[in-house]
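Worksheet for the structure shown next.
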Amino acid sequence: MLRSWSFPKAQHLKERTIREANLVSARLRQRSLPTAVSAVDEQKKLEHQIELATRAASLVKDETTGQHFRSFAEELKRKLLRMMRRGKVRTRAYELWEQAGRPSNRELEFWLEAERQIEDEREEKKGSGAS
């Protein structure tokens, strides 16, 4: 049988989820794991939190509380997309840097070029999908 949750309980669950996520992030930073491993862990954590928030939204009877959970899930999805985009930019920037012969003191130039290329590709996909 489903229980109706009051907003304070939902808020407490959201705050607890955020606290747990921050603790996991802090532990990962303390371990000094490579960035790629940390990013994978962070992605899995976000995916899990999205799943929990979506499930909680479908289980609560109170529409306001359900909307809070759905909003929280959308916020997490946006964060996950930004994180995934950052990984693509990082990879592309590294490729560009290597292709240019690994010059020093030009990191920003390669990062910005990688961002531009990925954004152009995204726009191209969006344009071809609309046609």
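No hydrogens, no waters, no symmetry mates; every other heavy atom, side chains included, goes into these values. Since the structure is predicted, the reported quantities are computational estimates derived from the model, not experimental observations.
- No continuous path of ILVMFWY side-chain contacts below 4.5 Å connects Leu112 to Ile118, so the two sit in separate hydrophobic clusters.
- Counting heavy atoms from C-beta outward, Arg102 and Tyr94 have side chains that approach closer than 4.5 Å.
- With a 6.0 Å radius and a threshold of 12 heavy atoms from other residues, nucleotides or ligands, Glu124 has its CD atom at or below the threshold.
- No side-chain donor from either of Gln99 and Glu95 sits under 3.5 Å from a side-chain acceptor of the other.
- Taking a cutoff of 4.0 Å between a charged side-chain nitrogen and a carboxylate oxygen, Glu119 and Arg122 qualify as a salt bridge.
- Of the listed residues (Arg82, Lys77, Met83), just one forms a side-chain contact (heavy atoms from CB on, under 4.5 Å) with Lys79, and that residue is Arg82.
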Worksheet item: Run the side-chain contact (heavy atoms from CB on, under 4.5 Å) check on Thr64 and His68 step by step: do they pass?
Response: CA-CA 6 Å; Thr64 304; His68 285 286; 3.6 Å; yes
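- Note on Leu80 and Leu52: separate hydrophobic clusters, where clusters join Ile, Leu, Val, Met, Phe, Trp and Tyr whose side-chain heavy atoms are under 4.5 Å apart, directly or indirectly.
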Worksheet item: Going through the checks in order, is the side-chain hydrogen bond (donor to acceptor under 3.5 Å, both in side chains) test met by Gln67 and Glu63?
Response: CA-CA 6 Å; Gln67 184 56 44; Glu63 185 56 36; over 6 Å; no
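- In this structure a side-chain-to-backbone donor-acceptor pair under 3.5 Å is present from Trp97 to Pro103.
- Using a 4.0 Å cut-off between charged nitrogen and carboxylate oxygen, Glu74 and Arg70 do not count as a salt-bridge pair.
- Applying side chain to side chain donor-acceptor pair (under 3.5 Å) to Gln117 and the options Glu115, Glu121, Glu113 leaves one that passes, Glu113.
- Contact check on Arg116 versus Asp120 returns a salt bridge, with a Lys/Arg side-chain nitrogen under 4.0 Å from an Asp/Glu carboxylate oxygen.
- Considering Ile50, Leu81, Thr54 as possible partners of Leu76, the one that fulfils the side-chain contact (heavy atoms from CB on, under 4.5 Å) test is Ile50.
- To the nearest 0.5 Å, atom CZ of residue Arg90 and atom CH2 of residue Trp111 are 5.0 Å apart.
- The minimum heavy-atom distance linking Ala53 with Phe69 is given by the pair O-CB, 3.5 Å.
- With respect to Glu123 and Lys126, a salt bridge is recorded, a charged nitrogen being found less than 4.0 Å from a carboxylate O.
- Remark: of the listed residues His48, Gln49, Arg55, Arg55 is the sole one forming a side chain to side chain donor-acceptor pair (under 3.5 Å) with Glu51.
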